[in-house]
Structure formats: structure tokens, C-alpha cells
Amino acid sequence: MGRKFFVGGNWKCNGTVEEVKKIVTVLNEAEVPSEDIVEVVVSPPFVFLPLVKSLLRSDFQVAAQNCWIRRGGAFTGEISAEMLVNLGIPWVILGHSERRSLLAESNEFVGDKVAYALSQGLKVIACVGETLEQRESGSTMAVVAAQTKAIAGWDNIVLAYEPVWAIGTGKVATPAQAQEVHCELRKWLHDNAGDEVAASTRIIYGGSVNGANCKELTTQLDVDGFLVGGASLKPEFIDIIKSATVKKSA
Ligand code: PGA
């Protein structure tokens with residue numbers, strides 16, 4: 001199938017120039033598996049994107065954490081996909097649960113953002129995931145399917161399954177819980193976007209991934225990598241990148 005392992009680091013709204021430089025130094029000095037084994041993408045806040053891009057090793061890429069839904073213009077405070085392309089930023093994270101819940105981004109709004117970002121040539125890390133309430137009421141699959149349905153253009157999308165209850169809580173999904181949803185999502189892709197898309201789309205897990213729990217998650221058949229928040233600001237992010245070799249030999 002040849003789905004290359006993918007590790008994203010979502011720095012969220014964190015960092016000073018000094019801290020960002022330190023993180024980049026750690027990344028630049030790390031010995032990690034080669035580019036044909038793992039794709040590494042780090043996502044600093046907008047204001048640090050040019051700095052990180054200029055300092056970061058060339059085998060790692062950068063992503064923005066959001067972009068505007070359509071062409072730029074009179075949209076105070078927004079950053080357009082064209083601007084990201086102009087700066088040479090190849091990736092953007094869209095539909096993160098923090099934006100869905102805190103900024104009320106609907107499935108349709110996220111879907112339109114994905115479509116516009118793709119139309120401008122960006123690659124997208126699209127996030128889906130259920131709340132604890134939704135999981136406990138048995139609607140996990142219905143929720144993530146509805147979120148996924150709004151998204152199209154799979155050739156340039158990495159799908160991140162991030163259960164909301166696992167994000168920033170230290171409460172990681174068990175490998176079986178992650179595999180169950182990833183497998184269902186792959187089935188959904190198969191039924192709705194075809195065989196090839198299902199076989200080639202990377203489905204990565206996010207939610208309290210750290211250097212200690214990543215290896216076990218990696219062994220799951222449909223876990224093709226991670227989207228990492230808190231631990232991506234720490235040196236253990238390197239261990240998470242290295243878990244690609246566990247996958248390779250599994
Ligand atoms: P976390 O965040 O690793 O801090 O739980 C993951 C994410 O929000 O992408």
C-alpha cells in the first residue's frame with residue numbers, strides 16, 4: 001500500500017522567538033529516519049512561519065494552523081491560502097477541534113476551507129473527532145463520518161482522527177480505540193471515495209500522543225502516523241518521529 005508514515009507537530013498558540021529557535025535547533029540536530037520512511041511537518045503559529053521555514057532542516061516541512069475560507073481581501077485578522085503559498089508554506093491544518101468548538105467552525109465551513117486551500121495548491125491536514133459525550137452516546141462514527149463527508153480532494157489530504165476527549169488531557173485513546181475508528185474511516189473512504197483513495201490516504205491519530213505511548217499506537221494497522229500537540233514542543237517529539245521505524249518493521 002505504501003502509505004508513508006506522517007508525523008505532524010501542532011505547536012498551537014505557543015512560543016516566543018527564543019523558544020521557537022530552541023525547538024528548531026533540537027529538530028535540526030536530531031537523527032531521524034530518512035524522508036522515504038517518514039514525512040515530518042511542524043506547525044508553528046502564523047507569526048513564526050517564515051522564521052521556522054528559514055531555519056528548519058530541508059527534510060522537514062512546515063504547516064500553517066489555519067487559513068481563510070476563500071480569496072483574501074477585507075477580512076481583518078485573517079490569513080489567506082494565497083499568502084501561505086506566496087511564503088512557500090506547503091501545508092495547512094484545517095478543522096482542528098479547538099477551532100470547531102471555540103470558533104464555531106461547522107463541517108461545511110471546514111469543508112469549504114479545505115476545498116479552497118487545495119485549489120490554491122496547499123496540502124491539508126484535515127482533523128475530525130468526537131467529544132466524550134458523543135462517544136458515550138454511541139455516535140462516534142456518525143460524527144466523524146459527517147465531518148469527513150464535508151471534505152474532498154483526498155490526493156492532497158492527510159486525515160487526522162483526534163478524539164476531542166484525548167486532546168491535551170493526557171488521556172490517550174487505547175490502540176484498539178484508535179484502530180477501530182481509523183479502520184471505520186478507511187471503510188468510509190472506500191465506500192465514498194473509492195478503493196485507491198482508501199488505500200493511499202494517510203489516517204493519523206492525535207490526542208495526548210507522547211514519546212512513551214506512540215510505539216504501541218504505531219503497531220495498529222490503520223494508524224499511519226500522528227498529529228502531536230503538547231509533546232511536539234518537547235525533545236520527545238523526536239522519539240515520536242522515530243516510531244516510524246517500528247511501523248516499517250511491523
Ligand atoms: P495534544 O494535542 O497532543 O496536546 O493532545 C493534539 C492536537 O490537538 O493536535
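Both counts, for ligands and for their atoms, begin at 1 and track the order of listing.
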Test salt bridge (charged side-chain N to carboxylate O under 4.0 Å, His left out) applied to Arg57 - qualifying residues, sequence neighbours left out:
Asp59

Using heavy atoms and a cut-off under 4.0 Å, could you grab the residues that are in contact with ligand 1, chain by chain, numbers ascending?
Asn10, Lys12, His96, Glu162, Ala166, Ile167, Gly168, Gly207, Ser208, Leu227, Val228, Gly229, Gly230

Side chains of Tyr205 and Gln177: do they bring a donor and an acceptor to under 3.5 Å?
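Gln177 and Tyr205 do not have a side-chain donor-acceptor pair below 3.5 Å.
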
Side chains of Thr131 and Gln134 only: does a donor on one sit below 3.5 Å from an acceptor on the other?
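Yes, side-chain donor-acceptor contact under 3.5 Å.
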
How long is the span from the CD1 atom in Ile79 to the CG atom in Leu49, to the nearest 0.5 Å?
8.5 Å

Rounded to the nearest 0.5 Å, the CD atom of Glu105 sits from the CZ atom of Arg99 at a distance of 4.5 Å

Go through the steps for Phe237 and Trp11 under the test ring pair (Phe, Tyr, Trp, His ring centres under 6.0 Å), then give the verdict.
CA-CA 11 Å; Phe237 187 59; Trp11 296 0; 8.4 Å; no

